[in-house]
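Input: a single structure, listed below in structure tokens.
Chain identifiers are assigned alphabetically (A, B, ...) following the order of the sequence lines, protein sequences preceding nucleic acid strands; residue numbering begins at 1 within each chain.
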Protein chains: 2
Amino acid sequence: MPVVPTDALKPRKSPRQTRSTATVTAIHEATIQVLLSDGIARLTTTRVAQRAGVSVGTMYQYFPHKQALLYAVLDQYLDEVVVAIEEACARYKGARLCDMSDGLVRAYLDAKLRYLPGSLALYTVAADLDTASLISDVLQRTDRAIERLLASAPDAGFADIATVTFAVRALLVGTVRAGLENDASPAALVMLRTQVPLMCRAYLVAASRGGVA
Amino acid sequence: MPVVPTDALKPRKSPRQTRSTATVTAIHEATIQVLLSDGIARLTTTRVAQRAGVSVGTMYQYFPHKQALLYAVLDQYLDEVVVAIEEACARYKGARLCDMSDGLVRAYLDAKLRYLPGSLALYTVAADLDTASLISDVLQRTDRAIERLLASAPDAGFADIATVTFAVRALLVGTVRAGLENDASPAALVMLRTQVPLMCRAYLVAASRGGVA
DNA sequence: GTAAAAGCCGAAGGATGATTCATATATCAC
DNA sequence: GTGATATATGAATCATCCTTCGGCTTTTAC
């Protein structure tokens, strides 16, 4: 799978008739299913098409190549997660530090867990594809939202808010990923639901007390 | 790259002469270099062999297939990191909670950063290969070490030590990964060095005060 | 009803790249 | 020095799979 300039990753054409939007949806879903059952290394255009109940030719009507398909699926998913974060940040703007922390964590977990197990499969896509600019875009939006949120806390002040923002984002994204990806068992879910809010709150409180050198 | 039973991932034969150990080392290093410069999707046996200065045939003398090569490189790296963690846990056994937290974080960061940027490239290997059992092995060793460490703290007690262990491990592994993989800039390193110890300490102190419901 | 547009099909072409093996060279044991 | 063993070579083989394209079917517009 050769690397391709990002502009070439866009869909080939957009569906006009209801028939074709159903096709595109089916292809998206089939992609995730194949990812889950076979892994990215054995995700072939034929397999995805077969799972979606369409022919390869049809797939190539909407996606110029395999990478564009994977890119599209990842893009859509990431966007939904970012929107969830942005909404939560807007909702908790001006709240007390502990409340905003809990709200942010809960929103992120809700978004991530809603799409299980598909969200796990997508981690592998990002690794295979050249997704640097997509990811960095998403992270930028996330950081902007979190930073605005933190700045609005009435009961906290941060010496270096950019660093704290980066840290909170890494804590959230990283810990949840690490907690899920090697076994998304009920125990893991319980751990995430109970401990991540605790971590985030404890860190923010500590950082707010001048913990940033 | 088809999935292959784990037993088949073992090296084909071990080097006997010094000449061949040098070859194997060169192949390992070349693998990481190709991973870094071309990405896993364009990591071909030919490319690795060329970078290592040997022929493909030679590679196949030591590794039954491409996956075994990747597996070996990942395995070796993970082992070094785990050993670093185990040593740190042993060293801080019985220390005060804050000290053990700082020691653990520092040891992990040292190990991870020592191999930059290679350690970043290896994240993508784990995603492509079937490494479930390798990873779960490594995590089990890590968790065992951390749990023993936490249990030995004289100034802390945890209601559910298994959960706290899982949480600390996820925090550490996840946050560091998230902090590095999308840009391993100096700023990211500073963030990790200053904020991760803070997070870990704050969480452990909070969890020790009956934070585990 | 019918022509144009949109959507769909899947066999065939072509490129890539993993793996083998017959052969050649280097090292070791004596 | 010599046979035995270990190591190295890389062209040829073989399998996989991405992508195209000419022709077919369905939908839409009038």
Taking 4.0 angstrom as the limit, do Asp79(A) and Arg141(A) come out as a salt bridge?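 Salt bridge present between Asp79(A) and Arg141(A).
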Rounded to the nearest Å, what distance is computed from the [atom1] atom of residue [X] to the [atom2] atom of nucleotide [N]?
X	N	atom1	atom2	answer
Leu70(A)	dT19(D)	CG	P	11 Å
Met59(A)	dC18(D)	CE	P	8 Å
Leu69(A)	dC18(D)	CG	C1'	13 Å
Phe63(B)	dA8(D)	CZ	P	12 Å
Ile27(B)	dA8(D)	CD1	C1'	11 Å
Gln61(B)	dA22(C)	CD	C1'	13 Å
Asp128(A)	dC18(D)	CG	P	12 Å

Counting distance only, does the side-chain N/O of [X] pair as donor-acceptor with the main-chain N or O of [Y] below 3.5 Å?
X	Y	value
Thr131(B)	Leu134(B)	no
Arg148(A)	Cys89(A)	no
Ser119(A)	Lys112(A)	yes

Does a nitrogen or oxygen in the side chain of [X] sit under 4.0 Å from OP1 or OP2 of [N]?
X	N	answer
Tyr60(A)	dC8(C)	no
Thr58(A)	dG7(C)	no
Thr44(A)	dT16(D)	no
Thr23(A)	dG7(C)	no

Closest nucleotide among dA6(C), dC9(C), dC18(D) to the Arg19(A) side chain: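 Of the options given, the side chain of Arg19(A) lies nearest dA6(C).
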Could you work out which one of dC8(C), dC18(D), dT9(D) sits closest to the side chain of Lys66(A)? dC18(D)
Residues from residues 46-56 of chain A sitting under 4.0 Å of DNA chain C, heavy atoms only?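 Per residue number, the list reads Val54(A), Ser55(A), Val56(A).
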Between Gly179(A) and Met191(A) the two heavy atoms that sit nearest each other are CA-CE, 4.4 Å
Under the salt bridge (charged side-chain N to carboxylate O under 4.0 Å, His left out) test, residues paired with Glu147(B) that sit two or more places apart: none
What pairs with Asp137(B) under salt bridge (charged side-chain N to carboxylate O under 4.0 Å, His left out), at least two apart in sequence or on another chain?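 Asp137(B) satisfies salt bridge (charged side-chain N to carboxylate O under 4.0 Å, His left out) with no residue once adjacent residues are dropped.
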When all nucleic acid strands are considered with a 4.0 Å heavy-atom cut-off, which category describes Thr45(B): base, sugar-phosphate, or nothing? base
